[in-house]
Amino acid sequence: MEMFIDAVKDAGIDTLKLLPFLFLTYVIMEWLERSTGEKQERMLKKAGAMGPLFGGLAGIVPQCGFSAAAASLYAGGVITTGALLAVFLSTSDEMLPMLISSRTDSSVILHILLAKVCIGIVSGFVIDGVMRLVHYRTDERHIHDLCEAEQCGCEEEEGSILKAAFIHTLHIALFVFAISFVLTLAVEGFGEDAIRSLLTSRRIIGVFLTSLVGLIPNCGASVAITQLYLDGMLTGGQMMSGLLVSAGVGILVLCRTNRHVKENLRIIVLLYACGVFWGLILEAMGIVF
């Protein structure tokens with residue numbers, strides 16, 4: 001019973017922290033759709049080549065809200081795949097509060113943050129470049145497609161932007177809470193000692209395993225990985241591989257808002273591949289933060 005109550009509390013806190021970011025994102029999206037229309041969308045798409053740069057910088061905010069915001073914007077056709085992954089890779093989620101509260105040296109924190117931002121920006125530009133090179137096309141989509149899927153009523157001219165944004169936010173929040181609750185129970189049931197043993201058995205395998213743990217769409221993943229690193233149980237490469245893919249609930253929001261299942265799977269695989277690739281590079285170089 002105590003585990004159940006703790007899971008409810010943890011899921012509730014994670015969801016509450018997400019609400020302001022989600023609501024603000026949907027307000028902006030509603031305003032873009034109603035105020036600027038197709039002309040503004042074309043301008044955003046033309047400016048999208050620099051998306052990974054801004055995405056990488058925005059993702060440094062120490063919460064998972066921006067990853068959720070980026071997922072919603074991607075589902076609405078506003079940002080590119082590279083920009084989305086730049087946010088996912090650079091977001092610090094709960095890592096930064098953990099490092100600060102543990103009194104980690106400021107230079108170490110700065111190096112980790114800069115590494116994540118640079119990796120996110122570089123990876124985002126490379127991914128967008130490759131997709132343009134192979135002429136990869138995604139289905140044409142618009143912000144109003146997301147609105148129709150959510151049945152928020154925002155297509156009505158007299159409808160309130162705030163009301164439509166609230167309905168979007170409520171739908172996503174309920175989804176995030178339910179999944180976070182289940183994941184929290186699973187992690188607590190598996191046991192922290194078992195996870196610690198699994199991640200630290202071998203250095204190279206540890207990179208792959210830590211990246212898998214980082215993919216868990218819950219803020220607890222970045223907390224666990226950061227704590228293991230602070231305890232000296234993970235190397236720099238292992239730690240980075242896990243934190244790079246720890247996009248918080250961004251993956252959940254992506255799967256909830258973007259109806260293209262195969263596309264979502266490709267993005268998740270790309271995210272995991274980037275985490276493993278950079279983790280192995282750092283491990284081979286013996287980087288210590």
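These values consider heavy atoms only, across backbone and side chains, with no hydrogens, waters or symmetry-generated copies. As the structure is a computational prediction, the values presented were derived from the model and not from experiment.
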[X], [Y]: one ILVMFWY side-chain cluster at the under-4.5 Å cut-off?
X	Y	answer
V130	I281	yes
M50	I121	yes
V245	Y74	yes
L254	L19	no
V108	L114	no

Side-chain heavy-atom pair [X], [Y] within 4.5 angstrom cut-off:
X	Y	result
L282	F277	no
L271	S211	no
S72	V253	yes
V207	R203	no
L53	L57	yes
L280	W278	no
I119	S90	no
M131	T81	yes

For the residue pair [X] and [Y], what are the closest heavy atoms and their distance?
X	Y	result
S67	A247	OG-O, 2.7 Å
C274	L89	CB-CD2, 4.0 Å
G82	P52	C-CG, 4.0 Å
G51	A83	C-CB, 3.6 Å
G275	S241	O-CB, 3.3 Å
F289	A115	CE2-CB, 4.0 Å

T91 side chain to F88 backbone, donor-acceptor under 3.5 Å
no
Testing I112, L230, T226 for side-chain contact (heavy atoms from CB on, under 4.5 Å) with T104, which one passes?
L230
Find the distance between [atom1] ([X]) and [atom2] ([Y]) and round it off to the nearest 0.5 Å.
X	Y	atom1	atom2	answer
N264	C255	CG	SG	4.5 Å
L209	I204	CG	CD1	11.5 Å
L244	Y272	CG	OH	13.0 Å
H111	K116	NE2	NZ	16.0 Å
I267	H260	CD1	NE2	10.0 Å
L73	T80	CG	OG1	11.5 Å

Under 6.0 Å between ring centres, would you say that holds for F4 and F181?
yes
Verdict with supporting geometry, E263 and N258, side-chain contact (heavy atoms from CB on, under 4.5 Å):
CA-CA 9 Å; E263 187 175 279; N258 187 31; 3.1 Å; yes
